[in-house]
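Written out below as structure tokens is the structure these notes cover.
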There are 2 protein chains.
Amino acid sequence: MDLSLKVTNCKECIYRSWAFKNLTDEELRLINDEKIEKYFRKGDNICLEGEPISSFMYLQNGLVKLYKTELNDREHIISIAKPNDFIGLLSIFSNVTHVYSVTAIEDSVVCFVDLAIIKNLIKTNGIFAIDFFEKISKIADSVIKTRVDINTRQLRGRIAYILLLFSKHIYNSTKYSLPISRKEVAELIDMSTENVIRVLSEFRKDKLIQIEGKNIEILDIKRLERVYDLG
Amino acid sequence: MDLSLKVTNCKECIYRSWAFKNLTDEELRLINDEKIEKYFRKGDNICLEGEPISSFMYLQNGLVKLYKTELNDREHIISIAKPNDFIGLLSIFSNVTHVYSVTAIEDSVVCFVDLAIIKNLIKTNGIFAIDFFEKISKIADSVIKTRVDINTRQLRGRIAYILLLFSKHIYNSTKYSLPISRKEVAELIDMSTENVIRVLSEFRKDKLIQIEGKNIEILDIKRLERVYDLG
DNA sequence: TATCATTAATGATATATATCATAATATATA
DNA sequence: TATATATTATGATATATATCATTAATGATA
């Protein structure tokens with residue numbers, strides 16, 4: 001799909017029903033007129049840590065990573081956002097500058113809506129406000145849960161977690177192409193790149209998965225889930 | 001202080017100016033009439049994972065821990081909440097049951113306000129809605145940041161982090177009584193109890209801190225910060 | 001006060017994980 | 001296409017951390 005050819009009208013956006021369902025036609029037209037839809041190639045930066053926040057960002061298509069650059073300029077991935085996620089997490093309310101950087105890990109489409117418009121909708125449309133916060137809270141809550149789930153497990157449990165995450169929550173299939181490198185997996189679950197590779201090889205030898213480069217196929221999801229549960 | 005003798009009027013509550021500043025007298029009276037102020041002794045449960053959420057909970061006084069019980073029924077502490085924090089984090093918008101358990105680690109006072117009242121204020125008072133989310137977002141954001149900061153460091157850096165956290169963000173002093181056991185510190189930063197004790201002893205030998213049971217005094221905060229920065 | 005249970009402390013050992021080294025493969029770039 | 005660069009892969013080794021064992025200290029309870 002050549003994303004650069006597609007322009008979406010908010011009214012017809014398949015995600016509208018979820019995030020922006022409680023808007024009047026008038027309010028929706030306002031967003032549609034003001035929104036900017038941008039296309040990013042894999043590897044493109046969407047925003048950088050420290051830059052001022054001016055827009056509410058909504059991932060319409062693709063996949064992006066949210067990450068921080070540590071003191072030793074190692075990168076640390078906080079989470080992977082999928083279509084329908086709000087990319088800026090809660091920072092848009094709690095900060096004036098971006099707390100994380102965001103980069104496309106697949107070709108992606110991001111909708112930018114001026115923050116002032118969103119804030120004004122929250123002020124003037126109470127039903128929208130409640131729905132909006134419900135949505136944004138779920139995403140933030142799941143980021144916290146993910147961090148805890150990862151931290152309380154060791155290598156094998158963490159790798160199992162990641163494999164299941166992509167399978168269940170992102171691609172909805174036991175067969176997919178891993179969108180990030182082994183190094184990025186390491187940055188996401190706080191382990192060394194070598195050990196990510198090693199554990200993946202172990203899983204292959206154990207017939208839990210099949211690997212060919214980026215292509216992953218989960219062969220025994222029940223056993224993989226048990227590896228995750230055991231930590 | 002015998003907390004059980006004190007009852008606070010919302011209008012005079014010292015925290016009101018921050019969280020509930022944009023309410024009319026009428027709205028404030030509604031909260032004041034409906035709120036329930038409960039007193040908890042150290043060790044008392046305030047809410048348990050899985051229980052239905054019916055109130056918005058606000059820590060007026062004391063200190064509490066938010067934690068999850070893992071499969072192996074080890075407890076894992078997500079964060080420590082201090083006066084002025086919203087205890088339920090974002091779950092009140094994203095869930096119908098509590099995602100974490102909350103227990104007092106010092107004698108504490110919690111205000112319970114019926115969720116329906118808060119949600120109604122969000123719907124009808126736009127300025128309040130914005131302020132409220134700003135506040136709640138900051139707390140959730142800082143929980144995420146803390147988790148990342150801890151996970152990207154190893155033992156010495158993590159212990160330094162905890163010592164500095166209590167000093168800077170909770171007690172505002174380099175000398176304080178640690179409100180949690182070594183075991184709970186371990187549950188908060190994902191390391192073994194023995195190693196928590198060991199690293200604390202190391203820090204004592206290095207003249208970074210002085211310890212007498214629960215009493216901690218940071219002797220060289222600059223060096224302790226460097227230990228944290230180095231990871 | 002005596003007794004029990006919990007917490008703190010420390011050493012020895014086992015295990016988990018990171019780092020270093022090297023090679024093979026894949027991917028980008030000129 | 002050739003060359004450089006990054007990624008994947010695996011083994012050997014060093015380091016970090018957990019676990020086990022034991023004792024001391026502290027706090028709770030009768």
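Note that the structure is a prediction, hence the values are computed from the model and not measured.
Residue pairs satisfying the salt bridge (Lys or Arg N to Asp or Glu O under 4.0 Å) criterion with at least one member in residues 55-65 of chain A, sequence neighbours excluded, are listed as follows: K65(A)-E75(A), K65(A)-E184(A). Listed by first then second residue, pairs satisfying side chain to side chain donor-acceptor pair (under 3.5 Å) with a partner in residues 169-178 of chain A read E106(A)-Y171(A), not counting sequence neighbours. Legend: ring-ring contact (aromatic ring centres under 6.0 Å, His included) pairs involving residues 198-223 of chain A, not counting sequence neighbours: none detected. Residue pairs meeting the ring-ring contact (aromatic ring centres under 6.0 Å, His included) criterion with at least one member in residues 140-162 of chain B, sequence neighbours excluded: Y161(B)-Y228(B).
Atom CD in E75(B) sits roughly 11 Å away from atom P in dT7(C) (whole-Å rounding). One can place CD1 of I211(A) at 6 Å from P of dA9(D), the figure rounded to the nearest angstrom. In this structure, NZ of K42(A) is placed 12 Å from C1' of dT7(D), rounded to the nearest angstrom. When the C1' atom of dA8(C) is taken as reference, atom CD1 of I216(B) falls 12 Å away, rounded to whole Å. Atom CZ in R74(B) sits about 12 Å away from atom C1' in dT19(D), given to the nearest Å.
The shortest distance between the side-chain N/O atoms of K214(A) and the OP1/OP2 oxygens of dT8(D) is below 4.0 Å.
Considering R147(B), R74(B), R153(B) as possible partners of D190(B), the one that fulfils the salt bridge (Lys or Arg N to Asp or Glu O under 4.0 Å) test is R147(B).
For the helix from dT1(C)-dA30(D) to dA30(C)-dT1(D), the axis fitted to the five pairs at one end and the axis fitted to the five pairs at the other end meet at an angle of 60° (nearest 10 degrees).
Looking at residues two or more places apart in sequence or on another chain, you find a side-chain hydrogen bond (donor to acceptor under 3.5 Å, both in side chains) between R198(B) and N195(B). In this structure N9(B) satisfies the side-chain hydrogen bond (donor to acceptor under 3.5 Å, both in side chains) test with no other residue, sequence neighbours excluded. R223(B) pairs by the side-chain hydrogen bond (donor to acceptor under 3.5 Å, both in side chains) definition with D220(B), not counting sequence neighbours. Qualifying side-chain hydrogen bond (donor to acceptor under 3.5 Å, both in side chains) partners for K145(A), counting only residues two or more places apart in sequence or in other chains: D149(A).
Ion pairing of D107(B) with R41(B) is present here, as a side-chain N (NZ or NE/NH1/NH2) and a carboxylate O approach within less than 4.0 Å.
Less than 4.0 Å separates DNA chain C from no heavy atom of any residue of residues 178-189 of chain A.
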Solution key, residues 46-56 of chain A side-chain donor-acceptor pairs under 3.5 Å, sequence neighbours excluded:
| from | atom 1 | to | atom 2 | distance (Å) |
| --- | --- | --- | --- | --- |
| E49(A) | OE1 | T69(A) | N | 3.2 |
| E51(A) | OE1 | L48(A) | N | 3.1 |

Seminar exercise, completed: Protein heavy-atom contacts under 4.0 Å, written 5' to 3' over nucleotides 10-18 of chain C as B (base), S (sugar-phosphate only) or - (none), form the string BBB---SSB
